[in-house]
Amino acid sequence: METFLHRIDEVGAQERVARLFSRSIKKESKINALRTILSMIDLTTLEGKDSPGKVKQLCYKAAHLHDQFPHLPTVAAICVYPTMVSAAKTALEGTGIKVASVATAFPSGMTSLEFKLEEVRMVVDAGADEVDMVISRGKFLRGEYQYVSDEIARVKEACGKSHLKVILETGELVTLDNVRFASEIAMEAGADFIKTSTGKVTPAATPPVVLVMLEAIRDYYKQTGKKIGMKPAGGISKAKLAVQYLVMVRETLGQDWLTADLFRFGASSLANDVLMQIVKQSTGVYQSANYFSID
Amino acid sequence: MSKRENIKKTYKLYIGGKFPRTESGRYVKWIDPKNSTAVNICRGSRKDFRNAVVSARSAFSGWCSKTAYNRSQILYRIGEMLEGRRSQFMDELMLQGESQKAAENEINQSIDRLIYYAGWADKYQQVFSRVNPVALSYFNFSYPEPTGVVSAIAPEETSLIGLVSIVAPIITGGNTVVVLASETKPLCSITFAEVLHTSDVPGGVVNILTGYRSELLEHFSSHMDVNAIVYCGSNKDEIKIVQEKAALNVKRPIVYSDENWLDNKGQDPYRILNTLETKTTWHPVGI
């Protein structure tokens, strides 16, 4: 494999982010942005204590975000652990909301390839429309890029028709150079989406990291004509930050990417904050979390 | 050598334990009655208020779970710190137009009021709790709990004693507060924030805004994450706004009209009770 490293200018990335984040989105545009964000959310629960009951409840929330406020979109998908896929699939039947499952020994990825593939086949059989895999960060940092690439390709094969999201876990990749390179490996190996983080490591999605990944997607599109999706995840809980990310996507990749097919937010509490902002925009009254469902 | 310039204080807001300028960047020029000094006062916006409510909400769980004894100590500490800054408050009160005697009296009253509520902090629970007679085999009791986040419109006529008289009973009861200072006499309010800041009051428990009452009143009354509003004044139109908007989330409106805060009648434990809610518990017995 060609190991050509893009050198990322970290200060430049931060300055670009600062410029993009200073945009002010108001009124009509803000409402449109907020609604778009809702439709892009992968509503996520990834806890050891998750139960079919909790997943069922979350699925209801996914389809009925805030029934007091009519004509809201639903979220794009529910993201759960492998053993919860069938519960989610049943609960979401007929809603059009997709089921995403993490797999490949999420979040660490520290197991053999055979087990990972077995896990992927298991979630696909259970009905997962999307598979969120983690890359082997240890191997990547040791320079075993070929292994990382082959692993992604094998997982993609095992996914069949299901979409594959590749989690880079950028919090463990140390530098932006690595983030860029890992993005390229993932896209070339067959990722449909690249995703920043598991949400189990800090820092999770940071704006410079997202910018670097978006630029990798843009360059890959220019070279190959293939549109790869992007999913920042972890730590995005405020509507304001999500709107700023939309600006970043729009300015880096263009209008085409402002759809749930190509851009997602992995988040558990973002939806409620966005809902509060939408209700605030329409009533003029600042809202309280007390009046929105917890899950 | 060139003549030394005095360094003047920038009067800012107090939100979440920090002293930010207003996010709106707006200022009101304040000039003292004798026309000797001009000061820029932040014209706080609805977004400053929103930020302050977020701070107050996040400070609430920590403040209400402190022991009553600890809250009492902190209130006493505010009194101590105010005493230590006596001369600064004297200057500001006199700049706002008070005589030396009146200023001295106002500071004394303010300190005493803090000590008064410090004393009540670990006593009001017993006084306002009760055991209720019921005809079933239950032990039935009621006791007061803090309401939550309280917004407050401080008295317009007085600068320090008004603010202290409003804020002290609210935080004594374990609530957190966002208070709008007097529009015409704002100096002491921000200086009082400096006192709070050095008294172990956790950031966000008291948030102090300056600005126009007419602009902010509606938001103070309507915010869904505010659980009670204390309004000081006797403007009928304003009271109507407070009561109507408070109904949105059934927040408790408390109106203090025509109070003489300098008098001892300006303090009593029922003012603590005003921003408390009563919880009743049925506990099975004799089974």
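Each chain gets a letter, A, B and so on, in the order its sequence line appears, and its residues count up from 1.
Among the residues in residues 269-283 of chain B, none has a non-hydrogen atom closer than 4.5 angstrom to a non-hydrogen atom of chain A. Of all residues in residues 219-241 of chain B, those placing a non-hydrogen atom less than 4.5 angstrom from a non-hydrogen atom of chain A are B/H219, B/S222, B/H223, B/M224, B/D225. Residue-level contacts of residues 180-193 of chain B with chain A do not occur; threshold 4.5 Å between heavy atoms.
Around atom NZ of A/K238, no more than 12 heavy atoms belonging to other residues, nucleotides or ligands sit under 6.0 Å away. Sparse packing is recorded around NZ of B/K18, with 12 or fewer heavy atoms of other residues, nucleotides or ligands lying under 6.0 Å away. The 12-atom threshold is exceeded at NZ of A/K280, counting heavy atoms of other residues, nucleotides or ligands nearer than 6.0 Å. In A/E28, the CD atom is not crowded: 12 or fewer heavy atoms of neighbouring residues, nucleotides or ligands sit closer than 6.0 Å. Atom OH of B/Y138 has 12 or fewer neighbouring heavy atoms from other residues, nucleotides or ligands inside a 6.0 Å radius.
Atom OH of residue A/Y286 and atom CG of residue B/L248 lie 14.5 Å apart, to the nearest 0.5 angstrom.
The salt bridge (Lys or Arg N to Asp or Glu O under 4.0 Å) check on B/R26 picks up B/E215, with sequence neighbours excluded.
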